[in-house]
Structures are given as C-alpha cells and as structure tokens.
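One structure is given below, encoded as structure tokens.
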Amino acid sequence: MAPSPAALVALLVASCAAVAAATTFDVGDGHGWETGVDYAAWTSDKTFAVGDTLVFNYTSKAHTVTEVSESGYDSCASGNSLSNDDSGATTVTLTTAGLHYFICGIAGHCAGGMKLAVTVTVAGAGVGSTTAGGLTPAAAAFHVMPAMGAAVAGALITLALF
Ligand SMILES: [Cu+2]
C-alpha cells in the first residue's frame, strides 16, 4: 500500500525543517577560545550558514570576543568593534551571509592567534539564490548535514514516484 499524500507531505516538510536546522559550533572545540590555537585550521573543514551559532568558551575577563571589520581583523585592531563580550561564554548567532571576523581585544592575543574569520552561507536557500564560498546553497546544506540531505533526496524521490 502506498503511503498517503499527507504522510509524504509531512515527511517532506520534516526533512526541509531538518536541513534548515541551525548548527552550534564550539569554537576551537576542546581548546576553546585561547591563544596558541589555529582557528583558520579549525574553520577549514566546516561550513557555516545563516542561523548557525558560534559558542566561544574561555575564562571570563581573560579574553574578549570582539567582532570587527576585515581591516580590524587584518591589523588586530578592536577599536571600531561591531560587538564585544568578555563574559567567558559568548554566543554569537550568525544572522547575515558573508564574512564575519572575531578577534580577542586583549593586548597581544590577536597577534598570538586569537582571530577567527568565518564565511557564512545562506541557509536552506532555494533555486536562484546567491552562492557563497564556491558551493551552491544546496551543496553547502548537504555538506553540513549529509544525512539530512539524503533524507530530503529520499523524500523527493518518493514524491516523484508517487
Ligand atoms: Cu585573549
């Protein structure tokens, strides 16, 4: 017996919702937000999408999470910051696509490696949307959650057969 149309629609909606679900990244993984960590290496195998969250873990007041412009990132200057926090557990939700830059504002720490640049892609974007980072949005979504991508593909195939 074929599944009911309602069941198929429910499956498809659930799959799409799963793909759009945000990812939470612990910056630096076990290292946290600290000097001596290569954050370029940490980002190199990750894809960030609008809606995802960065969590910076560090000792309160020992560091800052300061969002800066590209020039601030390049020169380790936190003067014209877009946001700043030194609570020890800074959560940043990535709300816009493009490049986002974070540095530590404590003297010497940015030069010591505490600088993070992330390229944020559009989440769950459909046909005709812009691409970023050399991946189509669909490819980016599949890259982040291959299992979820497979679920969507399965649902689409099921619908095509229906
Ligand atoms: Cu620091």
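Only this structure's heavy atoms are used, side chains among them; waters, hydrogens and symmetry mates stay out. Numbering of ligands and ligand atoms starts at 1, following listing order.
- Ring pair Tyr101/Tyr73 is tilted by interplanar angle, where 30° to 60° counts as tilted.
- Partners of Thr66 by side chain to side chain donor-acceptor pair (under 3.5 Å), not counting sequence neighbours, listed by chain and number: Thr64, Asn84.
- His109 contributes atom ND1 as its closest N/O/S atom to the Cu ion (ligand 1).
- Draw a line from the Cu ion (ligand 1) to SD of Met114 and another to ND1 of His63, and the angle between them is 90° (to 10°).
- Ring planes of Trp33 and Phe56: perpendicular class, angle over 60° (limits at 30 and 60°).
- Neither side chain, Thr93 nor Thr95, offers a donor N or O lying under 3.5 Å from an acceptor on the other.
- The Cu ion (ligand 1) has Cys104 among its coordinating residues (N/O/S atom, backbone or side chain, under 2.8 Å).
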